[in-house]
Amino acid sequence: MAFTSKDVMELRQRTGVGMMDCKKALVETDGDMEKAIDYLREKGIASAAKKQGRIASQGIVDSYIHMNGKIGVLLEVNCETDFVAMSPVFKELVHNIAMHIAAAAPSYVTKEEVPSAELEKEREILIAQAKNEPNPKPDAIIEKMVDGRIQKYYKDVCLMEQVYVRDSSKTISQLVTEAVASIGEKITVRRFVRYQMGEGLQKREDDFVGEVMAQAGMAK
């Protein structure tokens, strides 16, 4: 059964789930709206989306220090109750995200945090690069190319858009969504600070991602 963008929008309105997850649900269920809703409920995605309007004022601040002291991360993640904040599952989630930050070095939590001036500068650079490529494309095509590259830029600099270093099949956003479905409370990654020894000073390049992952017993 085929489906249209209107079907995706309807599923989003009925479940509160993101566009990409709605589209995937419709693909998996051959465009059947009711089956798609069941699919999202079974995956725990729909219930997680409904919790996003709730208030998350509890939580913890966790730290991760790389074994040799080269990288340090402080991270605040919020939930709804102190009971959940003190649970091993929540603490493990927060620590894993802190470890990811150490390895992947995001600059912002979400796309919305990227300053408009920085985003515009990045767009100007990408447009100039596209125009300087062999066989330049028409402006309309270049705009579409740049839009795609901006999405890649978000995946490089925004924590929630990044691919989780311990499981490349999911993003940090999906990791949190799964935790919301499992724990039953709204979870919000609020803020973080990442320190890197000697940052801004001239130094040799080290494979920090590899080191952090090796310390955690992960394959790169």
Side-chain angles (χ1 to χ4, degrees), residues 18 20-21 24 43-45 48 56 59-79 84-115 118-119 121-122 125-126 148-183 185-220:
M20 293 305 296
D21 283 322
K24 181 179 180 181
K43 295 293 184 181
I45 299 172
I60 60 173
V61 174
D62 191 29
S63 63
Y64 173 78
I65 306 298
H66 187 55
M67 180 173 59
N68 51 17
K70 290 182 178 178
I71 301 173
V73 172
L74 283 175
L75 168 69
E76 178 182 349
V77 180
N78 300 133
C79 57
V84 165
M86 294 299 103
S87 69
V89 174
F90 184 77
K91 289 182 177 180
E92 181 180 9
L93 170 71
V94 178
H95 196 69
N96 284 340
I97 295 175
M99 186 180 295
H100 170 93
I101 292 169
S107 300
Y108 308 99
V109 176
T110 66
K111 295 188 290 186
E112 290 72 24
E113 290 185 5
V114 180
E118 180 176 328
L119 190 60
K121 181 179 179 182
E122 184 67 20
I125 292 172
L126 291 172
R149 291 173 183 178
I150 286 293
Q151 295 307 311
K152 183 179 183 303
Y153 168 75
Y154 283 140
K155 291 178 181 179
D156 288 338
V157 304
C158 300
L159 172 65
M160 301 303 288
E161 305 299 316
Q162 288 183 332
V163 173
Y164 182 32
V165 295
R166 300 190 71 173
D167 184 350
S168 61
S169 70
K170 66 185 70 174
T171 63
I172 294 297
S173 178
Q174 291 169 329
L175 178 70
V176 172
T177 296
E178 290 176 0
V180 171
S182 172
I183 292 172
E185 289 193 3
K186 178 179 179 179
I187 297 172
T188 304
V189 180
R190 185 176 180 219
R191 56 185 171 174
F192 68 85
V193 178
R194 180 183 185 275
Y195 296 100
Q196 183 168 312
M197 184 187 68
E199 191 169 19
L201 302 176
Q202 185 175 358
K203 57 187 181 300
R204 68 182 180 86
E205 290 296 322
D206 290 321
D207 182 8
F208 288 118
V209 175
E211 289 185 14
V212 171
M213 294 178 72
Q215 180 183 338
M218 297 177 284
K220 186 177 178 182

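Note that the coordinates shown come from a computational prediction; the quantities given were computed from them, not determined experimentally.
- To the nearest 0.5 Å, atom CD1 of residue Ile71 and atom CD1 of residue Ile101 are 11.5 Å apart.
- Separation of atoms CZ (Arg149) and CD1 (Ile125) is listed at 12.5 Å; rounding is to 0.5 Å.
- Ser169 pairs by the side-chain hydrogen bond (donor to acceptor under 3.5 Å, both in side chains) definition with Asp167, not counting sequence neighbours.
- Every residue two or more places apart in sequence or in another chain that forms a side chain to side chain contact (heavy atoms under 4.5 Å, CB included) with Arg191 is listed here: Glu76.
- Listed here is the closest heavy atom pair of Val109 and Val189: CG1-O, 3.4 Å.
- For the pair Asn78 and Lys186, the minimum side-chain heavy-atom distance is 4.5 Å or more.
- Between Lys91 and Ala85 the shortest heavy-atom distance is CG-O, 3.8 Å.
- Between atom OG of residue Ser107 and atom CZ of residue Phe192 there is a gap of 6.5 Å, rounded to the nearest 0.5 Å.
- Heavy atoms of other residues, nucleotides or ligands lying less than 6.0 angstrom from NZ of Lys121 number 12 at most.
- For CE of Met20, the number of neighbouring non-hydrogen atoms (other residues, nucleotides, ligands) closer than 6.0 Å is 12 at most.
- In terms of heavy atoms, Val165 sits closest to Ala103 at CG1-CB, 4.2 Å.
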Given side-chain contact (heavy atoms from CB on, under 4.5 Å), test Gln151 with Lys111 step by step and report yes or no.
-> CA-CA 9 Å; Gln151 295 307 311; Lys111 295 188 290 186; 4.1 Å; yes

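- Under a 3.5 Å cut-off, the side chain of Arg194 and the backbone N or O of Ala102 do form a donor-acceptor pair.
- Every residue two or more places apart in sequence or in another chain was checked for a side-chain hydrogen bond (donor to acceptor under 3.5 Å, both in side chains) with Tyr164, and none qualifies.
- From Ile97, atom CD1 reaches atom CG of Asp62 across 10.0 Å, with rounding to the nearest 0.5 Å.
- Taking 4.5 Å as the limit, some side-chain heavy atom of Tyr64 sits within range of a side-chain heavy atom of His66.
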Evaluate the criterion side-chain contact (heavy atoms from CB on, under 4.5 Å) for residue pair His100 and Leu159; output intermediate values, then yes/no.
CA-CA 9 Å; His100 170 93; Leu159 172 65; 3.5 Å; yes

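- No side-chain donor-acceptor contact under 3.5 Å links Gln196 to the backbone of Lys70.
- The minimum heavy-atom distance linking Cys79 with Phe90 is given by the pair CB-CE1, 3.8 Å.
- A side-chain contact (heavy atoms from CB on, under 4.5 Å) with Cys158 holds for exactly one of Thr171, Ile172, Thr110, Val114; it is Val114.
- Counting heavy atoms from C-beta outward, Tyr153 and Glu118 have side chains that approach closer than 4.5 Å.
- At a threshold of 4.5 Å between non-hydrogen side-chain atoms, the residues Val163 and Lys155 do not count as touching.
- Side-chain contact between Lys170 and Thr177 is absent, with no heavy atoms from C-beta onward closer than 4.5 Å.
- Distance alone, capped at 3.5 Å, is enough to place a donor-acceptor pair between the Ser87 side chain and the Val84 backbone.
- Closest approach of Gly72 to Ile65, counting heavy atoms only: CA-CD1, 3.7 Å.
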